[in-house]
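Since the structure comes first, as structure tokens, the remarks are kept for the end.
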Protein chains: 2
Amino acid sequence: MTTVLIVDDEGPFVRALGISLRARGYDVETAETGEAGLEIAARAHPDAVVLDLGLPGIGGLEVLRGLRSWSSAPVIVLSARHAEATKVEALDAGADDYITKPFGFDELLARLRVVLRRATPGLDEPVIVTSNFTLDLRAKRASTPTGTEIRLTPTEWGIVETLVRNPGRLVSQRQLLQDVWGPAYETETPYLRVHMAAIRRKLEPDRARPRYFITEAGMGYRFQPEQ
Amino acid sequence: MTTVLIVDDEGPFVRALGISLRARGYDVETAETGEAGLEIAARAHPDAVVLDLGLPGIGGLEVLRGLRSWSSAPVIVLSARHAEATKVEALDAGADDYITKPFGFDELLARLRVVLRRATPGLDEPVIVTSNFTLDLRAKRASTPTGTEIRLTPTEWGIVETLVRNPGRLVSQRQLLQDVWGPAYETETPYLRVHMAAIRRKLEPDRARPRYFITEAGMGYRFQPEQ
DNA sequence: GCGCCGCGTAGAGATTGCGTCAAGGCCATT
DNA sequence: AATGGCCTTGACGCAATCTCTACGCGGCGC
């Protein structure tokens, strides 16, 4: 399920957009101030954010920067301001798109699809095959080579996905905790240890000698594709 | 070097944009028809494409679809048409952005930076290759030329990274200690000696005669790239 | 030639980090 | 109200890593 966070202080607009998104199968969270937006983002880790630049209190740009300090989720900025310098500033601050009001919902939805398909790499090739298991990221299905299903819990999927989306690369414990649990859990390394053990029990042929999910002591974990 | 392909039939515009891009360090290829665009894309493998929708001959959308059949390079579509349905069509056909004319160069350049940073993350993280080892800083991975993995501990990575990020330059012991251990450890030069020995054991062909990690007595260490 | 200084090496001990297990709590489902 | 799945949390043993010390070597100045 894809979660979209809308941060905007115009109630009617937010409600209308929310309905549109939900009708298309997205999960929607909303916030009417920048502070609330950052808070909800930290709790719900949305897959994309629609952010109004003209917010009361802390401005849209601050929200964008706050978000970018830990999240790489795509952000679409909405604004009534047409000035080129403003656009460039927002885009360089980490926004993925900048749409000026007024605009059509269909365009916004299309642009949302664009940033979502770019932000989740490996979605075009979402099946990972090793000689011990097969992962279908899109279907969220794991199975043995013979086809028997392996059940992974939501947390285990979260960890496996971020590791598998960075094949061969080291993923720091910090990033794993941020991706799966949210920025407030950066230091909860014990969680990671427990769940890594569970993942290995299910996916490694010999959990004492991991072959796919490698520990790098003091740094993080690495998914090692076959060959 | 980042290569941008411009497909547009308005000569003066193409020339002006080309100059702007080259001035910013991009490599630029241009094509005035869709057919030529596809041909050049296949030959040059651009990192991004700026594509005019209103082309003579085969249309911009065809070019986009042709491109997407084999390439995932980001495409920014330019068009005079404001109709929402046209935008949605292009975006769903694989475009990463859709800009309506007239527009400012600064905005186009900013949007180009956006799609490039999404499409090629970590473009700036270098890979260091010598005839004795390979270092991939982004993946935090060291290996022999034959592909065997070399394991470096967190401290060793810290030292190697600061040395390798200053190729050929002397890095003082003080700076190394500060970077890796923190400012309170400025005087703990014995640590450095011990860990440099470990690094050489793993990365130098003959640790008695260091070739890559050179000691400058009384001053510091230097990473000597090959050649 | 002699002594000093800085460096490389080795190894023991301390520390940190990791894997494992099991108990307890929360939530949804029945 | 009871069950089962899942996540959190703490305790423990083990492995990896770092710290710290001792020693030997070589260059340099005297």
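Below, chain A is the first sequence line, B the second, and so on; all start at residue 1. Everything quoted here is computed from the prediction, not taken from an experiment.
One finds no side-chain N or O of B:Y191 lying less than 4.0 angstrom from the OP1 or OP2 phosphate oxygen of D:dC18. Within the 4.0 Å cut-off from OP1 or OP2 of D:dT19, at least one side-chain nitrogen or oxygen of B:W181 is found. Side-chain N/O atoms of B:R207 include none lying less than 4.0 angstrom from OP1 or OP2 on C:dG8. For B:T215, a side-chain nitrogen or oxygen approaches OP1 or OP2 of C:dG8 to under 4.0 Å.
The side chain of A:Q173 lies closest to C:dC18 when the candidates are D:dC6, C:dC18, C:dC21. Here D:dT21 is the nucleotide among D:dT21, C:dC7, D:dT8 with the atom lying nearest to any side-chain atom of B:P190. For B:T153, the listed nucleotide lying nearest its side chain is D:dT17; candidates were D:dT17, C:dG19, D:dC7. With C:dC21, C:dG8, C:dC18 as the choices, the nucleotide that has an atom nearest any side-chain atom of A:Y221 turns out to be C:dC18. Listed nucleotides: D:dT17, D:dT19, C:dG8. Nearest to the side chain of B:R193: C:dG8. In the set D:dC7, D:dC18, C:dC21, D:dC7 carries the atom at the smallest distance from any side-chain atom of A:H195. Picking from C:dC18, C:dT20, D:dT19 the nucleotide with the shortest atom distance to the side chain of A:A197 gives C:dT20.
A:Y185 comes within 4.0 angstrom of nothing in the nucleic acid, heavy atoms only. When heavy atoms are screened at a 4.0 angstrom cut-off, A:R151 is found touching no nucleic acid atom at all.
Using modelled atom types, one finds a donor on one side chain and an acceptor on the other under 3.5 Å when comparing B:T146 with B:T144. A:T215 and A:R200 share a donor-acceptor pair across their side chains, judged by distance under 3.5 Å alone.
Per the geometry, CG belonging to A:L177 stands 14 Å off P belonging to C:dG17, to the nearest Å. Across the protein-nucleic acid pair, A:L192 atom CG and D:dT9 atom C1' stand 15 Å apart, rounded to whole Å. Rounded to an integer number of Å, the gap from A:W157 CH2 to D:dC7 C1' is 19 Å. Note: CE (B:M219) to C1' (C:dC5) measures 16 Å, nearest angstrom. Between the P atom of C:dG8 and the CZ atom of B:R209 lies a distance of 15 Å, rounded to the nearest Å. Here the C1' atom of nucleotide C:dC18 and the CD1 atom of A:I199 are 15 Å apart, to the nearest Å. For the pair A:E188 CD and D:dT8 C1', the interatomic distance rounds to 9 Å; values are reported in whole Å. With rounding to whole Å, B:L152 atom CG is found 10 Å from D:dC18 atom P.
Each of A:L163, A:T130, A:I214 was scored for a side chain to side chain contact (heavy atoms under 4.5 Å, CB included) with A:Q224, with one residue passing: A:I214.
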ring-ring contact (aromatic ring centres under 6.0 Å, His included) evaluation trace for B:F213 with B:F223: CA-CA 5 Å; B:F213 297 95; B:F223 170 67; 5.4 Å; yes

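Using a 4.0 Å cut-off between charged side-chain N and carboxylate O, B:R68 and B:D96 make a salt bridge. Remark: A:E156 does not engage A:R151 in a salt bridge, criterion side-chain N to carboxylate O under 4.0 Å.
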